[in-house]
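All chains are named by letter (A, B, ...) in the order of the sequence lines, taking the proteins before the strands, and each is independently numbered beginning at 1.
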Amino acid sequence: MAWLVVRLAISLSLLYTASAVFEDQVGKFDWREQFIGKVRFALFDTHSQASKKLLVATDKNVFASLNSRTGDLFWRHVDKTGPEGHIDALLMYGQDAVVVVGNGRLLRSWETTVGGLKWEAVLDTGSFQAAALIGVQDFVKYVAVLKKSAISLHDLSSGSQIWVENLPDSDTVQYQTIYSGGNGLVFVLGFVPSSHIVIVEYKIEDGEIMKKKSVEAAWMSSLENSCAVISSGNLLCVDQITQSLYTLPLQSAEHTEMRQIHLQTLDLEVASGFQPVLTSTQPNPAQPPLAEFFLQLSPDHHILLQLKDDLIAPLRDFNPSYLAAFATSGEKTVAAVMTPKNDTACSINLFSADTGRRHLDTTIIYHMDPNGGKPNRLYVHAFLKKDDSVGYRVMVQTEDLTLTFLQQPGRVVWMREEALADVVTMEMVDLPLTGTQAELEGEFGKKADGLLPMVLKRLSSQFILLQAWMAHLWKLFYDARKPRSSVKNEVTIDTLSRDEFNLQKMMVMVTASGKLFGIDSKSGTVLWKQYLEDIQPNSIFKLIVQRTTAHFPHPPQCTLLIKDKDTGLGSLYVFNPIFGKKSHISVPALPRPVLQTLLLPVIDQDYAKVLLLIDDQYKVTAFPSTKNVLQQLQDTASSVFFYLVDSSQGKLSGFRLRMDLSTELIWEVVIPTEVQKIVAVKGKRANEHVHSQGRVMGDRSVLYKYLNPNLLAVITESTDMHQERSFVGIFLIDGVTGRIVHEAVQRKARGPVHFVHSENWLVYVYWNSKFRRNEFSVLELFEGAELYNSTVFSSLDRPHPPQVLQQSYIFPAPISTLEATLTEKGITSRHLLVGMPSGNILSLPKMFLDPRRPELISEQSREENLIPYAPEMPIRTEWFINYNQTVSRVRGIYTAPSGLESTCLVVVYGLDIYQTRVFPSKQFDVLKDDYDYILISSVLFGLFFATMISKRLAEVKLLNRAWR
Amino acid sequence: METRVGSRACACVALLLFALHASLGHEHIKLQEDEETAEELKLRAPEGDVRVQVSGRALVPGVRTQDWVAHARVLLDGDTHVGFIREDGGFSVSDVPSGSYVLEISSPTYRFQPVRVDITATGKMRARVVDYIRTSEVIRLPYPLQMRCLGLHSYFIQRETWIWSDFLMNPMVLMMVLPLLIIVLLPKVMNSSDPEMKREMEQSMNMLNSNQDLPDVSEIVTRFFSPPKSHGRAGGGARASVGVAQGVRGGASSVRGGAPRRRSKINTAVTSSE
């Protein structure tokens with residue numbers, strides 16, 4: 001019965017807090033972009049001419065099919081992260097694609113049209129070496145997987161294992177390649193470094209070893225890139241030290257030594273320090289590979305060679321050339337080579353593989369992005385035209401992970417920015433005002449210069465507004481006549497301006513590959529991009545907005561701190577977030593590792609906020625560091641405090657800034673590392689506003705919030721991971737005085753802990769290892785019925801500790817990230833945004849996480865709108881703000897206030913990017929989009945006509961009465 | 001084997017009691033962390049190298065499997081283990097170490113009930129109903145798993161559409177319309193029947209009218225222009241935010257309700273005067 005009452009109360013309260021999406025709002029203000037990551041394997045479906053499929057496997061453990069005409073995803077499969085989902089190989093035959101996953105642990109066959117899984121086979125453990133399709137009599141039937149110590153053969157149609165054989169002497173021999181020419185035999189090639197090559201020959205039917213031989217090869221260091229099998233079973237290897245090519249027929253018994261061909265005899269030379277690469281092609285796995293192959297001699301030198309009658313002859317020398325690739329269509333095999341044209345462009349040409357002759361009119365011009373990286377992979381899709389000549393399209397991948405799909409004569413068909421699959425951090429920046437808006441704003445700022453000029457100015461600005469409006473109307477009218485499809489609201493960098501409610505902003509995104517993006521939040525269009533070269537792959541980024549757009553004519557300014565994870569050395573990159581241009585401001589050199597950054601509210605004469613960088617000797621560097629700034633810093637130094645966290649020693653320390661910009665240690669908190677380690681420290685967001693100082697209770701008294709802006713939440717996890725003894729610790733520490741305001745321990749709990757620290761509350765999620773479920777816990781801090789000092793908060797003068805209330809709840813789903821909504825003035829009620837591994841983003845009202853939720857409903861709690869306590873948190877699909885637009889592998893949620901108090905902008909990033917708006921208290925400050933204009937106007941008109949008619953009738957009646 | 005079943009049953013009873021206790025809602029502010037069950041120890045016994053394959057079948061009645069499996073995944077405890085669904089609806093998640101997991105099928109379109117899968121240190125498996133509150137209660141489910149679709153996800157809420165019948169059945173409107181009918185129809189009925197009655201009524205009406213003091217025009221004007229009594233701003237702070245949190249609903253309805261209420265008051269005055 002009690003349950004029923006509680007349930008009823010909850011469902012009633014849900015009616016008020018539900019903030020769901022209406023079906024007609026789909027796509028109105030939200031968008032999603034799906035990404036795949038850095039492409040490792042890409043195969044075009046050459047099965048049929050009309051096929052548009054492009055299969056890709058990426059380093060993000062994603063296997064997907066792209067539409068090669070548009071670049072959109074047909075389907076995508078996201079496997080688990082880490083080595084267990086790593087895609088080792090991708091093979092394609094006909095309608096099926098075979099993928100080897102998890103270091104050769106799983107073999108999956110996918111149907112490529114709809115993306116369904118056909119079969120899945122679990123292989124024995126062992127480190128994966130190679131996989132190949134095996135054909136018998138012009139028909140591909142099997143797939144062979146080579147492990148470090150075993151080889152197995154599987155049926156292509158069912159996945160069942162035909163046989164598995166141990167490799168001979170696998171502890172000494174490194175087996176690396178498989179080769180089959182369709183003649184009923186499988187060759188496994190291995191080698192002993194600096195000694196000899198081992199060739200084992202297996203019979204396809206039963207895995208019987210037919211032959212095993214070893215050939216002397218003292219120069220051998222690796223098989224993988226420097227060897228290839230060409231032209232009916234000839235093994236070809238290249239060696240840099242001896243500057244020679246070596247050949248060996250695999251099947252002949254009499255050859256016991258590799259034939260050496262000096263590169264000098266071919267007038268070739270390998271660039272010093274470069275490991276030469278051999279590339280061969282085997283268009284059909286059931287037939288031997290072609291006799292032609294590419295030899296790469298230096299990073300920009302390829303040569304096409306041919307093996308004919310045991311002689312190697314150069315067909316064509318490509319010097320210089322960046323990339324080369326083979327492609328086959330029908331019976332014809334072609335080679336595409338990318339050569340530099342000038343500084344900004346490359347040309348790609350097609351050559352016939354068997355002669356090396358250039359095909360006429362096949363040039364594709366590839367323009368390199370000046371803000372991007374160099375091309376590093378070339379994928380060619382060749383097809384037969386109607387006149388039986390070969391046409392082709394190419395996909396170019398660059399260092400900055402841009403995929404560009406080109407067709408003749410250089411038209412970019414589509415482009416994908418795959419760097420966005422790995423967004424590290426982001427900020428949202430207001431767009432600048434338009435000229436007219438700035439004019440209007442400027443009118444209020446200036447000093448009054450007489451009545452008449454002001455009137456004139458007012459009139460002129462009104463006139464400008466009228467003009468703009470007329471132009472807008474004209475454009476509407478003009479667009480209405482055009483067909484719908486041709487009208488596109490193209491967003492360009494020049495037309496960017498702030499809208500009425502500041503709902504459209506610039507999303508500045510920093511990706512792990514070191515590429516920066518500026519994205520329009522309304523449409524998701526990439527407006528600018530900038531690739532930062534020579535960024536270490538494991539760098540840490542921190543993005544700081546130093547000057548917003550509010551200080552016209554000073555351009556907005558963002559600073560990116562790039563820090564090397566190993567050395568800790570940092571560098572600053574200053575840019576304009578609207579246009580993406582690098583600023584020419586002199587940046588301080590950072591010779592020592594940076595420990596902490598601090599953005600002060602102090603501004604210099606150019607309205608840029610001052611950034612303090614603290615190095616490992618506790619020295620402070622200010623940026624910008626003009627005289628004005630230093631003067632201001634000296635004045636405010638006594639009130640600048642900062643903290644440092646050293647999680648390896650479990651030490652939190654607080655420092656104070658001295659007048660001369662040196663620092664002074666004022667407190668230290670040591671959390672013993674033997675017991676627990678600090679996993680996260682978070683303060684409150686600097687741009688958050690708290691509207692109300694307290695909460696009105698049922699008896700009309702006020703419970704004041706403890707709003708300490710200097711409060712830090714420190715989360716620790718126990719070092720003992722045993723499920724009985726593990727715990728999660730929470731410390732609330734004042735960042736100025738180092739005083740521990742509150743301390744809580746969650747026993748039998750372990751991480752990962754996600755938490756949000758805001759206003760006077762802290763919400764954290766942990767895993768309860770006893771009951772094996774996720775639990776939410778909320779801590780709220782109150783000062784009590786009276787405020788100690790209502791005007792200003794000072795950490796140094798706080799005699800009374802706050803009252804702390806806490807409650808915990810079960811969350812019946814896994815969690816990947818947690819964030820809270822944020823609005824302009826903090827009037828709107830807060831919601832928590834919970835990212836889940838299933839890809840949904842749940843908007844959970846903070847109302848449910850209120851430690852004052854009563855167990856028993858009383859008159860007062862009803863008055864306060866408190867929901868009765870229930871241990872399990874409800875999850876309703878209506879609360880998923882991204883409906884069916886799931887976001888894979890949510891990494892972070894970014895929230896930003898808009899110009900409307902009711903609206904909070906949300907960006908979810910992970911493998912995908914999703915942008916939307918949420919209205920935690922519904923849209924109370926604008927007319928809802930379902931506002932019934934027709935009803936209102938029809939009622940108005942109806943009333944108007946009714947009065948008219950009744951007036952007329954009354955007149956007639958009066959007249960009649962007068963006549964009587 | 002039998003002893004194990006016995007201990008399990010004990011644990012169940014204990015936990016049922018505990019659950020009963022919990023449902024009465026006595027001490028749930030901090031989730032309990034007492035009591036120990038034999039169950040736990042067995043499941044969390046030192047994680048050996050046992051790695052098993054969890055398999056089952058997922059079914060969406062009435063939908064071809066090809067149409068939905070491409071967008072669905074099998075997730076164990078979030079995405080610690082991921083599996084894909086075959087074209088025949090079957091699935092298997094391999095290399096799962098011993099422990100207890102919640103297996104769910106994540107599909108953007110179809111809804112499935114999650115299932116808890118327990119794997120012992122020896123590699124034995126069982127499936128049971130997920131219950132986050134009574135975590136050790138065992139309601140067994142068949143293994144290999146049978147995942148049936150429960151329906152579609154409902155992501156959207158219905159718009160409040162404006163329908164004529166809603167408007168007409170509104171009590172305010174009813175209150176307005178019925179007196180109107182009485183005013184219009186009653187005199188007509190009476191008129192034809194009795195002219196004397198009508199005269200009587202008119203007389204009484206006149207008497208009433210003369211007695212009724214008409215509101216002075218000047219008075220109305222002064223009332224209209226005088227500053228409103230101070231009840232706007234004073235609330236401020238928290239009050240305002242509470243108001244906002246309750247939403248516009250209340251406000252709108254009061255506006256909508258306002259006009260008819262006033263009119264109905266006039267109407268009632270007229271009817272009473274009859």
Side-chain angles (χ1 to χ4, degrees), chain A residues 2-3 16 18 20-24 75 77 79-80 84-85 105-106 111 114-120 122 691-696 702 723 747-748 768 770-773 775 807-808 810 812 814 816 827-829 837-839 855 869 871-872 877-878 880 883-884 886 921-922 924 930 932 935, chain B residues 22-26 28-31 33 40 44 53 65-67 69-71 73 75 77-87 91-92 94-95 99-100 102 104 106 108-109 111 130 132-133 135-136 153-160 162 237-242 244-249:
Chain A
W3 267 112
Y16 291 100
V21 186
F22 296 108
E23 196 153 7
D24 51 280
W75 47 261
H77 291 292
D79 210 334
K80 67 190 279 191
E84 283 181 65
R105 182 68 175 145
L106 288 169
E111 202 280 323
V114 295
L117 181 65
K118 288 186 78 168
W119 50 261
E120 188 178 56
V122 184
H691 183 74
S692 51
Q693 291 257 307
R695 287 185 55 163
V696 181
V702 177
Q723 59 136 350
R747 290 192 194 286
K748 288 172 193 164
N768 183 328
K770 179 175 155 73
F771 293 108
R772 294 186 297 268
R773 62 191 179 200
E775 284 177 11
Q807 236 175 36
S808 299
I810 300 163
S816 49
I827 298 168
T828 310
S829 56
S838 57
E855 287 167 75
Y869 181 80
E872 195 168 337
T877 46
E878 284 92 343
F880 291 153
Y883 46 103
N884 64 359
T886 52
S921 302
K922 295 193 177 176
F924 58 82
D930 65 337
D932 210 335
L935 180 73
Chain B
S23 65
L24 290 170
H26 278 305
H28 235 267
I29 299 305
K30 255 201 155 187
L31 295 168
E33 39 193 50
E40 312 288 327
R44 284 284 161 159
Q53 191 177 47
T65 43
Q66 294 99 303
D67 296 343
V69 290
H71 302 284
R73 288 200 296 168
L75 303 177
D77 268 5
D79 49 3
T80 44
H81 299 278
V82 177
F84 297 99
I85 302 168
R86 285 193 299 273
E87 280 181 327
F91 62 84
S92 58
S94 30
D95 287 346
S100 177
V102 173
E104 57 181 329
S106 110
T109 324
R111 197 156 51 91
V130 178
Y132 285 105
I133 297 176
T135 47
S136 296
H153 280 303
S154 65
Y155 291 115
F156 305 108
I157 50 170
Q158 214 67 38
R159 280 236 187 250
E160 286 172 36
W162 198 85
R239 297 291 297 280
S241 70
V242 168
V244 161
Q246 280 177 350
V248 196
R249 242 184 102 83

Item to complete: Return yes if a side-chain donor-acceptor contact under 3.5 Å exists between B/Ser92 and A/Glu120, otherwise no.
Response: yes

Practice prompt. First locate atom NZ of A/Lys770, then atom OG1 of B/Thr135, and finally report the distance between them rounded to the nearest 0.5 Å.
Written response: 7.5 Å

Practice prompt. Please report the closest heavy-atom contact between B/Ile133 and A/Pro871, naming both atoms and the distance.
Written response: CD1-CG, 4.1 Å

Worksheet item: Looking at side-chain heavy atoms only, is the closest gap between B/Val69 and A/Leu117 below 4.5 Å?
Response: no

Worksheet item: Is chain A contacted by the side chain of B/Leu75, its backbone, both, or neither, given a heavy-atom distance below 4.5 Å?
Response: side chain

Response to the item:
Under 4.5 Å to a heavy atom of chain A? For B/Ser94 that would be side chain

Practice prompt. Compare every heavy atom of A/Pro837 with every heavy atom of B/Arg73, then report the nearest pair and how far apart it is.
Written response: NH2-O, 3.7 Å

Practice prompt. Taking all heavy atoms of B/Ser154 and all of A/Glu878, pick out the closest pair and write down the distance.
Written response: OG-OE2, 3.3 Å

Worksheet item: According to the interplanar angle, ranging from 0 to 90°, do the rings of B/Tyr155 and A/Phe880 count as parallel (below 30°), tilted (30 to 60°) or perpendicular (above 60°)?
Response: tilted

Response to the item:
chain B shares the most heavy-atom pairs under 4.5 Å, among A/Gly115, A/Gly85, A/Ser816, A/Gly116, with A/Gly116

Worksheet entry | B/Phe84 and A/His77 aromatic ring geometry - parallel, tilted or perpendicular at 30°/60° bounds | perpendicular

Worksheet item: Can you tell me if CD on A/Glu23 sees more than 12 non-hydrogen neighbours from other groups inside 6.0 Å?
Response: no

Item to complete: Taking ring-ring contact (aromatic ring centres under 6.0 Å, His included) as the test, write out the residues that go with B/Tyr132, two or more places apart.
Response: none

Worksheet item: In Å and rounded to the nearest 0.5 Å, what is the CZ to CH2 distance from B/Arg86 to A/Trp119?
Response: 11.5 Å

Worksheet item: Listed by chain and number, what are the salt bridge (Lys or Arg N to Asp or Glu O under 4.0 Å) partners of A/Asp932, not counting sequence neighbours?
Response: none

Worksheet item: Between atom CG of B/Asp95 and atom CD of A/Glu84, what is the distance when rounded to the nearest 0.5 Å?
Response: 6.5 Å

Discussion item. On a heavy-atom basis, which atom in B/Asp79 and which in A/Lys80 lie closest, and how many Å separate them?
Written reply: O-CB, 4.0 Å

Worksheet item: Checking A/Pro814 against chain B: side chain, backbone, both or neither under 4.5 Å from a heavy atom?
Response: side chain

Fill in: Region of B/Gln53 in contact with chain A, defined by heavy-atom distances below 4.5 Å
side chain

Worksheet item: With side chains defined as the heavy atoms from C-beta onward, is the minimum distance between B/Glu87 and A/Val114 less than 4.5 Å?
Response: yes

Fill in: Which atoms of A/Val122 approach chain B - backbone, side chain, both or neither, heavy atom under 4.5 Å
side chain

